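Both backbone and side-chain heavy atoms feed into the values below; hydrogens, waters and symmetry mates do not. Owing to the predicted nature of the structure, the values given are computational and were not obtained by experimental measurement. Here is the naming used below: chain letters follow the sequence lines, and residue numbers restart at 1 for every chain.
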Amino acid sequence: MSETKLATLAISWYDDNARDLPWRVPGVGAWPILISEAMLQQTPVARVLPVWRQWVDRWPEPAGLAAETPGEAIRMWGRLGYPRRALRLHECATALLTRHGGRVPEDLDELLALPGIGSYTARAVAAFAYGQRHPVVDTNVRRLVARAVAGEPDAGPATRPADLVATAELLPPEPAVAARASAAFMELGALICTARSPRCGGCPLAGSCSWFGAGRPAVPTGPTRRPQRYAGTDRQVRGLLLAVLRDSSGPVPTQRLDLVWSDEVQRSRALAGLVQDGLVELVGDACVLAGEGRAG
DNA sequence: GAAGCGTGGTT
DNA sequence: TAACCAAGCTT
């Protein structure tokens, strides 16, 4: 008999406090759920909502997306960020068509083999779309488990196998209940057990939380590496270049792209990177989004 | 395991 | 205002 009290408490709280997100509505298919998970990778819910609606309205099945150019997926991605995710989602739709008859597979290993689908997303789809019992471990769950179970102030930066084990031990035996517990843990991490200023006063797990019980010890202060700034990076230049192409329907002369960044060396490097990544194509002396060099 | 990859709101 | 933050994946 293991510790499923946390799951019970979390689910009770979730019943009353879960946000009404459209991909959580009963009956939503695995494909729209998969799209939501891909969009939510590193992008806040509020920004995903309108784009998700556009995608599921336009491409309710994988076949619809697979029939488009990759560039159209990139264009419809809008400003969600990390546009390679749009490319991967398009590749994913194609893979679903060729390997799985146009449907999202239920098997975890088959999900993991899809483009852009990693450990978190595969388990999220298996749990939330198909009601399977898998540990669904994202940054929120890692943080919550680190605090509630291990009594630590925060989790490590990346998901490790041990995180999956620790989370799996919290899941109730019934698959559907386990899936709901995973959703509840994530929601608690997103709304209550936040990174910056956790609201332990409103947390249903506080009475069972090791970290809270220990008086909320702080993160040990140490020399932290300063992360790379965004301004002036290739990342920013890529974003500027892609924004021009996204808002254009046809080929864009490279001469026009010269206007978005004055440093020729960096601009060329950024553009070459976009081409290398398959987001952009060169057509003579012009650029287009992927797959739109001939038509579109 | 670290680095690279967008974007915009919040503190 | 600069830094931080938001449901990761790939190489």
P-based separation of C/dA7 from B/dA3 [nearest Å]:
22 Å
Rounding to the closest angstrom, what is the interatomic distance between C/dT10 and B/dG8 at atom C1'?
24 Å
When rounded to the nearest Å, what value does the distance between P atoms of C/dA6 and B/dG1 take?
23 Å
Could you check whether A/Thr139 gets within reach of a base, just the sugar-phosphate, or nothing at all, counting any heavy atom under 4.0 Å?
sugar-phosphate
Need one value for A/Arg88: base, sugar-phosphate or nothing, where a base atom within 4.0 Å counts as base even if backbone is also close, heavy atoms only.
sugar-phosphate
Respond yes when some side-chain nitrogen or oxygen of A/Arg84 is under 4.0 Å from OP1 or OP2 of B/dG4, and no when none is.
no
Below 4.0 angstrom from OP1 or OP2 of B/dT7, is there any side-chain N or O of A/Arg246?
yes
Closer to the 5' end of DNA chain B via nearest nucleotide, is it A/Ala243 or A/Arg160?
A/Arg160
For a quick test of reading the model, state the closest non-hydrogen atom pair linking A/Glu106 to A/Leu111 and the distance between them.
O-CD1, 4.1 Å
B/dT7, OP1 or OP2 - any side-chain N/O from A/Tyr230 closer than 4.0 Å?
yes
Using a 4.0 Å heavy-atom cut-off across all strands, classify A/Gly81 as base, sugar-phosphate, or nothing.
base
Base, sugar-phosphate or nothing for A/Ser119? Non-hydrogen atoms, less than 4.0 Å.
sugar-phosphate
On a heavy-atom basis, the closest approach of A/Gly118 and A/Leu112 is O-CD2, 3.5 Å
Looking for any heavy atom pair under 4.0 Å, which part of the strands does A/Trp77 touch: base, sugar-phosphate only, or nothing?
nothing
Pairing of A/Asp154 and A/Arg143 as salt bridge, 4.0 angstrom limit:
no
Run the salt-bridge test on A/Glu72 and A/Arg58 with the 4.0 Å N-O cut-off and return the result as yes or no.
yes
Any side-chain N or O of A/Arg238 below 4.0 angstrom from OP1/OP2 of B/dG6?
yes
Going by modelled atom types, is there a donor-acceptor pair between the base of B/dT10 and the side chain of A/Arg196 at under 3.5 Å?
no
Could you check whether A/Arg123 gets within reach of a base, just the sugar-phosphate, or nothing at all, counting any heavy atom under 4.0 Å?
nothing
Side-chain N or O of A/Gln42 less than 4.0 angstrom from OP1 or OP2 on C/dG8?
yes
What contact category does A/Leu80 fall into here, base, sugar-phosphate, or nothing, at under 4.0 angstrom with non-hydrogen atoms?
base
Does any N or O donor sit under 3.5 Å from an N or O acceptor when you compare the side chain of A/Thr43 with the base of B/dG6?
yes
What's A/Leu112 touching, base or sugar-phosphate or nothing? Going by heavy atoms closer than 4.0 Å.
nothing
Centres of the A/Trp77 and A/Trp55 rings: under 6.0 Å?
yes
